Amino acid sequence: MRKIFVFIGFLLLVGIGIYIFKTMENNKMAYYCETDSDCMNSCAYGTLNVEWYAENIDSDTECLDGCNGPWSAAPQCILNVCTAFLYNGEENPGCTRQ
């Protein structure tokens with residue numbers, strides 16, 4: 001009987017590990033880019049990968065200001081991460097990997 005509980009516990013741990021890995025991988029893809037055109041400014045979610053956004057975010061949940069307001073510049077791909085910038089050319093860490 002104890003072996004069954006140990007086996008079930010093992011399966012649960014493996015399942016949780018797989019879930020965490022997939023969640024981390026999905027989050028990494030949210031910010032991944034190869035060129036500037038891979039990135040977009042999102043009001044509620046910061047600067048994201050365009051394809052990831054289209055697949056994972058319901059655009060009806062977006063706001064009207066935030067990270068794509070008039071103070072924002074076009075995002076750039078820096079070291080394979082979509083990076084937010086302000087209108088004055090300064091990096092905007094509050095909207096990068098938000």
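Owing to the predicted nature of the structure, the values given are computational and were not obtained by experimental measurement.
Residues T47 and M40 form no side-chain contact, since every pair of their non-hydrogen atoms from C-beta on lies 4.5 Å or further apart. Contact annotation: the side chain of N88 never approaches that of W71 to less than 4.5 Å [non-hydrogen atoms, C-beta and beyond]. Considering only heavy atoms from C-beta on, L48 comes within 4.5 Å of Y45 through its side chain. Looking only at side-chain heavy atoms (C-beta outward), E90 and F85 stay at 4.5 Å or farther from each other.
For C33, the side chain to side chain contact (heavy atoms under 4.5 Å, CB included) partners are D38, C39, C77, C82, not counting sequence neighbours. Partners of E51 according to the side chain to side chain contact (heavy atoms under 4.5 Å, CB included) rule, which considers only residues two or more places apart in sequence or in another chain, are N49. Looking at residues two or more places apart in sequence or on another chain, you find a side chain to side chain contact (heavy atoms under 4.5 Å, CB included) between S72 and N41.
In this structure a side-chain-to-backbone donor-acceptor pair under 3.5 Å is present from T83 to V81.
Between C67 and C43, the two SG sulfurs stay at or beyond 2.5 Å from each other.
If you chain together hydrophobic residues whose side chains sit under 4.5 Å apart, I78 and L86 never meet in one group.
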